[in-house]
Structures are given as C-alpha cells and as structure tokens.
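Lettering follows sequence order; numbering is per chain, from 1.
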Amino acid sequence: MAKVLTPKEEDYSQWYNDLVLKADLAENSSVRGCMVIKPYGYAIWEKIQQTLDKMFKETGHVNAYFPLFIPKSFLSKEASHVEGFAKECAVITHYRLKNSPDSKGVIVDPEAKLEEELIVRPTSETIIWNTYKNWIQSYRDLPLLINQWANVVRWEMRTRLFLRTAEFLWQEGHTAHATKEEAMEEALRMIDVYQKFAEDTLAIPVIKGSKTENERFAGALETYTIEAMMQDGKALQSGTSHFLGQNFAKAFDVKFLNSKGELEYVWATSWGVSTRLIGAVIMTHSDNNGLVLPPNIAPLQVIIVPIYKTDEERRQVLDYGNKIESELKQHQITVKFDDRDTHKPGWKFAEYELKGVPIRIAIGPKDIEKKQVEIARRDTLEKFNLSREQLVAQIKVLLSDIQQNIFQKALRFRQQNTYEISNIDELKENIDKGGFYIAYWEGSKEDEKQLNEQTKATIRCILTEQSDVNGTCIATGKQTKKRVIIAKAY
RNA sequence: CGGGGUGUAGCGCAGUUGGUUAGCGCGCCACGUUCGGGACGUGGAAGUCGGUGGUUCGAGUCCACUCACCCCGACCA
C-alpha cells in the first residue's frame, strides 16, 4: 500500500488534500496560491466544459473572448463592484524588464511604467460592458447572449486546490436585454441550467435560492445560487447567476432605442461556474479509497485489467480484452484496456480505485473459460460476475445505475443533515456538527452579521419556495413566510 | 497583516553537547523469482543540507540576516 489517504473521519481537509494530490488531479505550483491542473484533473474539467457548453448553446448562447487585462478606470465605474473586488486584484504597472545593473538577473524597467495600470480580470463585467456599449444601439441588437471560457485572478489570502485558488478557470455568461422581465427570466433560466447540470451530470444535489444583500455579488440587484452540502456538512456555493439590473448599463452608458423611439438603459445578467466544481465533485462522492466519479463526467468510465501468468495466458487474455474494449467503444463508452506489463493487477486495482473509475472489468483465464468477466463497482465496492454475451448492455445499465446511486446517496446525506430550527440557540448548539439549518428569517444586514459572529455560519440562501404559513424570524421575532438555509461554508 | 511552524535525494522524514564518507522509508533503475487486491530478494543511481554572511582547526548542527512554503485567524467563487 503505497498511496494511502488520511481517513476523512480523522481529518476531512487533509483527506481532501491527499486525494487531490494522490489521484493526480492537481498540485500546488511554484506560484503561491496557483495550482497546476494535471491531465487527469483537466480531463474532468473538459467533461464539465463539454456538457455545460452544449447546455449554453441549447439555450441560445454563443461563445466569445474578452481581454485578460482591464484598465483600472473601468473597474471603478460601478461603485459597489469595485468595492467588492478591489482588495483582491492583481495590478500590472510595467510592461518591460531589463538586465539588472549588477548583471544578476533582471529588474523591472522603471522607464516602462504604464500610463494607466491594468488589472488582471477578477471577473469581466466591466470590460464586457465597455465593449457592449459599441455593440448595442437598438432593441434589434438585443438580446445579446454571450459566454466566455476564461481564467480569472482573485488574490486570495488563503487558497485550497480547486476550492479557492488565486487563478481559476471558469465560464462567465454576460447577457444584455431590452427589458427587466427578460433579464430576470435569463438569470433564473441560467441558475436552472446550473441546477440541472449539478444534479444530472455531477450527481450533486443542490438547493437553489437567492442570496441576501450581504452575500450578493458586487454590483448585482439579485444573486441566485445553488448550494451543495459536502460530506463534512459544510456548504459549497457551486454556481451563481446574477440579475444586474441596469447598474452596468448606467456605469458604461449602454443605451438602446426601443420600438417607440425612446432611449433606455440595457438590462443585464451574468452567471458563472468554476473549477471549484471539481472540488465539489470530490467532496460530495469520494471515500477513503479515493475518488468516486459520476459516470457522466468520468474521463474513463470503464477500465479493463488483464490477469495472467504465462505468455500463453497473456495472449488469450489480451485478445479477450481487446474485443471487449472495442465493443464498448462502439457504444460510446469511454474505456481503457490497461494491458501494461509493467504493473501488476493488484496495483492497477488500487490505482483505478483511487482515480474513481466507475466500473472495473477484470479478466483472467478463469473468466475466459466461463465466458464471463469480473465487475467491480467503484461506488459500492461490490464485485460480481457478468456473462460475456450481455456485457455491453449490462455496462450501460450499470453506468446509469451508478450515476443515480451516488446522487441518491448524496441526497440522503443532505436530508439527514438538514434541520429545521426555531431559534438562534438551537443553531448555536448544533452548528458545530455541520449541516443545513432551515429557519424563518426577516432580519436586517446587521442581524445577519451578528448571526455570523455568533455562530461562524452564514445565510447560504433564501429558499425560492416560501412557506405556506407564517413563522417566527429567529433574529427579530417578526412573522414571515421567508425561509433561509444557514450553514458553515467553504 | 497578526499568531504558530517547516525548509536535508523525486516524495515523507531522522540526524544527540559542533567531529571522519549525511542516513532511513517509499519511489526510481537492473536482474531473478512472482502475477485473481498496491509482491519479494539481490545489486544500483540519486544530496551545492532554502540562500547569504559570520563564529570555529572543523557547521546540516551555533549566531545574524534573508527568502520560500505550510497551518490557525481577518477576506472570498
């Protein structure tokens, strides 16, 4: 046993770190807070991209690309936006280096100071709205439904692989609309897309809701969110969609003529998910043996491991395995036949378990003789034999079964760790064990801050579905139908 | 930015009051036996001990400065 993980019961965050490193997903780089995403981790990101990109296209969006650098003045045009991001911006002040006088390396050339500093984008609203100004004159130019796949930089104090890195990959949608209603509809549509993606593709059950004023995106009038529960009971914000109102249109003076010939400001949304989703997948499904990947995003859905002693056996097993591999491939199942002679079966079993491959097929002389294969399910760790004949059909069923099963398991976990509370004391008593706490809430910004100070928990979201009956707000005692989820968060 | 800690082989670590040739485990390479849950044996390669300066006959070890990283807080997708 060469690669063992710290058990998650012992130290959840150490378990997470071990897993990311040992499953070969990513590693820390020589740049503080920035990670190297390794091929296996990147393959998961590519799966996420492919599926989401398709969903964006299906909802009428197109991709474009905007610059990495934003002139400093742009950022300050929307007051609350700059306030939200100012403290974590990387700033470019110079554009050239020169040899240092003592000829030991290079120094920044003081002559090459930029007239106006550039900001490395922490998000692209400002540069995009500055561009949209030139693209929009008439209601006929609307809506503008654009997404970009990009990297952004937020100079975080403390970072963790995938969950919070100084640079991260994401997609950001930026749309422009003629009416408030249409923009609101778009913001809601996209949070629904995220929910569907999280649940159907990542097998992560999420709770959809809106953010309180405190937690809202800098510059947004409304922020919709999907919140997932990790296996330690903490919440992870997994995707957000913002209704930006006319804030950015006003800041960048983006107006259009409506059909009545009147000049109006454009309505906006923005929405995004990031490489953080990989962290969410890891923390939702994995166990002490390693990753557990949902078949829908697993870079490898099936691994075939040959077992043999003699050369003759090897020939037979390879032949048997090659045929299975090509059959599965024909049915669009991503499969690899690991016929390397440099590693032994036991080693391979452990390796692919660590990497979360949903199904393992082992084939040896016994299996050939009995016209069967041995199957091992990663999610349940069960082993059983399947007849060779029905294999492809059975594998398909199994893959979809695994996808369902891990979703249901995560959902059960969330349900078991969600509690209804009726006062703050109940929260204080229980919050340390993690979980989601549902409470009636009609408190102010200050009430929320106080809640945070007292419990270290935050209001993750205001539930979309209000209660049918009035309840008592846990902060103010007021009667309200509005309910919130309170939890400790990543 | 406050508090704590760590820098020694690819990784994880040991190295006593300063003393010869700096060790151990994993990994790596070669050969042989193995091969249905991370095999074993034998041999081998691999280190400017984070950096700079100092004390000393002698520094991984002591002193000063410095750099980097990690953990805990304040900030966050």
Side-chain angles (χ1 to χ4, degrees), chain A residues 1-6 11 13-14 17-18 21-22 27-34 83-89 104 122-123 150-172 194 211 214-218 220 223 225-228 235-242 270-280 289-290 305-311 313-314 317 340-355 360-370 372-376 381 383 385 452-453 456 458 460 489-490:
Chain A
M1 294 284 273
K3 297 179 179 174
V4 276
L5 305 174
T6 304
D11 184 344
S13 94
Q14 191 58 48
N17 277 331
D18 284 358
L21 296 176
K22 285 173 180 165
E27 62 188 31
N28 280 306
S29 70
S30 44
V31 182
R32 190 206 70 96
C34 296
E83 200 189 315
F85 286 106
K87 282 176 285 181
E88 49 189 36
C89 284
K104 285 182 190 161
T123 178
N151 58 339
V152 287
V153 168
R154 297 181 187 174
W155 212 266
E156 299 289 353
M157 297 295 188
R158 291 188 56 201
T159 58
R160 294 192 66 190
L161 292 168
F162 290 117
L163 297 177
R164 182 169 302 105
T165 45
E167 179 192 11
F168 57 94
L169 305 184
W170 77 346
Q171 58 67 217
E172 45 181 329
Y194 288 153
K211 287 290 186 187
N214 273 341
E215 300 274 326
R216 209 173 276 158
F217 175 76
T223 288
T225 177
I226 50 171
E227 300 284 325
L236 185 75
Q237 180 176 310
S238 305
T240 48
S241 178
H242 314 293
S270 69
W271 27 274
V273 297
S274 72
T275 34
R276 171 179 257 201
L277 285 177
I278 297 175
N289 297 313
V305 177
I307 297 157
Y308 50 81
K309 289 193 178 95
T310 64
D311 281 352
E313 281 176 356
R314 177 158 192 259
V317 168
R340 289 178 298 173
D341 200 27
T342 48
H343 296 279
K344 298 194 311 171
W347 188 92
K348 291 175 185 172
F349 291 173
E351 181 68 13
Y352 292 109
E353 224 159 73
L354 188 58
K355 292 198 163 177
R360 182 184 75 230
I361 300 178
I363 50 173
K366 287 182 215 164
D367 303 299
I368 297 178
E369 193 184 314
K370 294 183 188 165
Q372 63 174 35
V373 300
E374 184 194 75
I375 300 287
L381 298 169
K383 286 203 279 195
N385 297 319
N452 179 233
E453 278 160 22
K456 295 278 175 197
T458 48
R460 302 314 306 154
Y490 274 97

Given the P atoms of B:A59 and B:C49, what is the spacing between them in whole Å? 12 Å

Any side-chain heavy-atom pair of A:P122 and A:V152 under 4.5 Å: no

Output the single nucleotide from B:A77, B:A74, B:G37 whose closest atom is nearest the side chain of A:M157. B:A74

Which nucleotide in the list B:A77, B:G36, B:G38 gets nearest to the side chain of A:P345? B:G36

What residues form a side-chain contact (heavy atoms from CB on, under 4.5 Å) with A:I375, not counting sequence neighbours? A:I359, A:I361, A:V373, A:F384, A:L386, A:L391, A:I395, A:L398

Over all strands shown, is A:L163 touching base, sugar-phosphate only, or nothing at heavy-atom distances under 4.0 angstrom? base

In terms of the nearest nucleotide of RNA chain B, which residue is placed more toward the 5' end: A:S29 or A:L381? A:L381

Tell me whether the side-chain N/O atoms of A:K344 come closer than 4.0 Å to OP1 or OP2 in B:A39. yes

Rounding to an integer number of Å, can you tell me how far A:N17 CG sits from B:C11 C1'? 16 Å

So if I take every side-chain heavy atom of A:K309 and compare against B:A77, B:C35, B:G36, which nucleotide ends up nearest? B:C35

What integer distance in Å separates A:N452:CG from B:C75:C1'? 12 Å

Kindly write out the residues that satisfy ring-ring contact (aromatic ring centres under 6.0 Å, His included) with A:F349, not counting sequence neighbours, or none if the list is empty. none

Applying a 3.5 angstrom cut-off to the pairing atoms, does RNA chain B sit in any stems of at least three consecutive Watson-Crick or G-U pairs? List them by first number. B:1-7 with B:67-73, B:10-13 with B:23-26, B:28-33 with B:39-44, B:50-54 with B:62-66

Taken to the nearest whole Å, CD/A:E369 to P/B:G36 is 18 Å

For A:E215, the side-chain hydrogen bond (donor to acceptor under 3.5 Å, both in side chains) test, sequence neighbours excluded, returns none

A:I307 side chain: which of B:A74, B:G38, B:C35 is closest? B:C35

When the C1' atoms of B:U16 and B:G32 are considered, how many whole Å apart are they? 41 Å

Would the A:F217 and A:F85 ring centres measure less than 6.0 Å apart? yes

Quantified in whole Å, what is the C1' atom distance between nucleotide B:C24 and nucleotide B:A9? 12 Å

Within the supplied structure, the quantity of interest is the number of heavy atoms (other residues, nucleotides, ligands) at a distance under 6.0 Å from A:E83 CD; does it exceed 12? no

I want to verify a distance call: between B:G36, B:G37, B:C70, whose nearest atom is closest to the A:R32 side chain? B:C70

What nucleotide among B:A74, B:G37, B:A77 has an atom nearest to a side-chain atom of A:E156? B:A77

Span that lies between the C1' atom of B:U6 and that of B:C13, in whole angstrom: 12 Å

side-chain hydrogen bond (donor to acceptor under 3.5 Å, both in side chains) against A:N17, all qualifying residues, sequence neighbours excluded: none

For A:K366, answer base if it contacts any base atom (sugar-phosphate contacts may also be present), sugar-phosphate if it contacts only those atoms, and nothing otherwise; contact means non-hydrogen atoms under 4.0 Å. base

Would you kindly give the CG-to-P distance between A:N151 and B:A77, to the nearest whole Å? 18 Å

Salt bridge check: are A:K348 and A:E353 linked by an N-O gap of less than 4.0 Å? no

Distance check needed: B:G10 P versus A:L21 CG, whole Å only. 18 Å

Between B:G19 and B:G58, how far apart are the two P atoms, rounded to whole Å? 15 Å

Pairwise P distance, B:U61 and B:U8 [rounded to whole Å]: 14 Å

Taking CG from A:L354 and C1' from B:G38, how many angstroms apart are they, rounded to a whole number? 10 Å

Pick the nucleotide of RNA chain B nearest each of A:K383 and A:R160; which residue has the one closer to the 5' end? A:K383

Is the ring centre of A:F168 under 5.5 Å from the base ring centre of B:A77, and are the two planes under 30° apart, so that they stack? yes

Return the value, rounded to whole Å, for the distance between atom CD1 of A:I368 and atom P of B:G36. 16 Å

Flag for A:E167-A:T165: side-chain donor and acceptor within less than 3.5 Å: no

Test of understanding: with ring-ring contact (aromatic ring centres under 6.0 Å, His included), list the residues that count as partners of A:W170, not counting sequence neighbours. A:F168

Checking all strands, does A:R360 fall into the base, sugar-phosphate, or nothing category for heavy-atom contacts under 4.0 angstrom? base

B:G4 and B:G43: how far apart are their P atoms, nearest whole angstrom? 48 Å

May I ask you to say what A:D367 touches in the nucleic acid, namely base, sugar-phosphate or nothing, with a heavy-atom cut-off under 4.0 Å? base

Rounded distance (Å) that lies between atom P of B:G37 and atom NZ of A:K355: 21 Å

Could you work out the separation of B:G5 and B:G25 based on their P atoms and round it to a whole Å? 31 Å

Quick note, A:K456 side chain, CB onward, closest among B:G37, B:A74, B:G38 is B:A74

For A:T165, which contact category applies under a 4.0 Å heavy-atom criterion: base, sugar-phosphate, or nothing? base

